Amino acid sequence: MKLPTACGPVSRQVGRALRTPDPVDLQTRTPVLPEEPVLTDRDAQLALWMIYELSYRGFDDVHDRLEWHPAVVGMRLTLERRFEHELRKATRDRARQMPDHPDIGDQLLDLVRGEDGPRLSSYLRRDATAEELREYLRERSVQQLKESDPQSFLLPRLAGAAKTALAELQYDEYGGGRPERLHQLLYARALEAIGLDPRYGAYVDKVSAVSLAAANVMSLFALNRRLLPAGLGHFAVLEASSSLPSRRIASGIERLGLPADVATYFHEHVEADAVHEQVAAREVCGAYVAAHPEARRAVLFGAVCALHLEALSGTQLLDRWQHRATAEVAS
Ligand SMILES: [Fe+2]
Ligand SMILES: [Fe+2]
């Protein structure tokens with residue numbers, strides 16, 4: 001994969017730094033961030049995504065040694081500090097209102113059940129056009145083509161029952177011993193079957209800031225050990241918000257008569273995530289909080305971040321489609 005095209009001053013500055021042929025020569029200033037929130041700023045999110053990607057698969061045109069170059073780490077910290085601050089601000093009220101529940105597993109599952117966020121999956125099931133479904137798959141591709149990879153960084157930071165439970169989950173996500181069942185690959189096949197480019201990172205230049213932020217938040221929690229509990233809470237919410245929506249999306253794909261491979265990824269998640277949500281909430285987060293009761297609020301912070309970004313991305317897509325439909329009627 002090549003470094004994506006910059007889309008503003010921050011990603012331009014980061015891109016320029018990453019293209020430095022010899023890391024010894026790299027010196028760079030701290031990026032100047034926009035006044036507006038970086039959470040919804042494509043330029044800032046793309047810049048952060050580019051830096052994070054150095055810890056995953058890297059870029060053909062970027063020197064691998066830049067991953068830990070102090071100048072690159074400095075740019076990453078500047079972006080992360082603001083991103084985390086905005087996430088905390090956006091979720092503060094909700095997090096404060098949450099009572100001290102005796103069972104973190106129940107609390108996480110209740111949190112997802114109480115969410116009125118299935119609007120997007122209901123729309124995809126009943127009303128979406130094939131083009132809207134394609135757009136949905138494209139927006140999610142940045143996140144799903146590396147599904148579960150961020151959470152693998154959490155494993156070495158855990159011990160005991162939480163580690164065993166997360167490893168069990170990851171085994172499933174990585175295909176349960178069968179490379180052809182790797183969830184990332186099932187998603188790539190869905191993209192291909194609907195006529196999209198299945199290559200990793202193919203749509204980084206096209207997706208919204210919120211889609212990039214949804215991928216970046218996982219790396220923020222995964223690559224900073226101090227944010228481990230947030231990474232666990234975030235993961236539990238992802239797993240718990242998947243089974244029912246996957247069923248709805250699969251039925252939308254079938255309503256539209258799209259190829260079977262488009263729906264396979266979603267069928268796989270109907271049953272798998274009905275189990276995974278229990279394991280992630282009760283066994284991973286449950287065991288972790290039992291061993292680290294002081295981390296309960298941090299787990300909930302991650303959980304609320306996942307809900308917040310999920311709601312932002314759902315609302316954004318539905319609004320976009322609604323405006324398009326209104327404009328078509330008016331023209
Ligand atoms: Fe999965
Ligand atoms: Fe899962």
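Please read these numbers as outputs of a predicted model, since none were measured by experiment. For ligands, and for the atoms within them, numbers begin at 1 and follow the listed sequence.
In the hydrophobic clustering of this structure, V73 does not group with L54; members are Ile, Leu, Val, Met, Phe, Trp, Tyr whose side-chain heavy atoms approach within less than 4.5 Å, directly or through other members.
Residue-level check: among N/O/S atoms of D273, OD1 sits closest to the Fe ion (ligand 2). Of all the N, O or S atoms in E239, the one closest to the Fe ion (ligand 2) is OE1.
Residue side and main chain included, E277 places no N/O/S atom under 2.8 Å of the Fe ion (ligand 2). Note on H276: counted as a metal contact of the Fe ion (ligand 2), an N/O/S atom lying under 2.8 Å. Coordination check, E173 versus the Fe ion (ligand 2): passed, since an N/O/S atom of the residue sits under 2.8 Å.
Residues S219 and P150 approach most closely at N-CB, 4.5 Å, considering heavy atoms.
A cation-pi geometry, defined here as NZ or CZ lying under 6.0 Å from the six-membered ring centre and within 45° of its normal, does not hold between R189 and Y265.
The side-chain heavy atoms of S208 and L212, taken from C-beta on, include no pair separated by under 4.5 Å. Considering only heavy atoms from C-beta on, H269 stays 4.5 Å or farther from R247 through its side chain.
Rounded to 10°, the angle formed at the Fe ion (ligand 1) by E147 OE2 and H183 ND1 is 120°.
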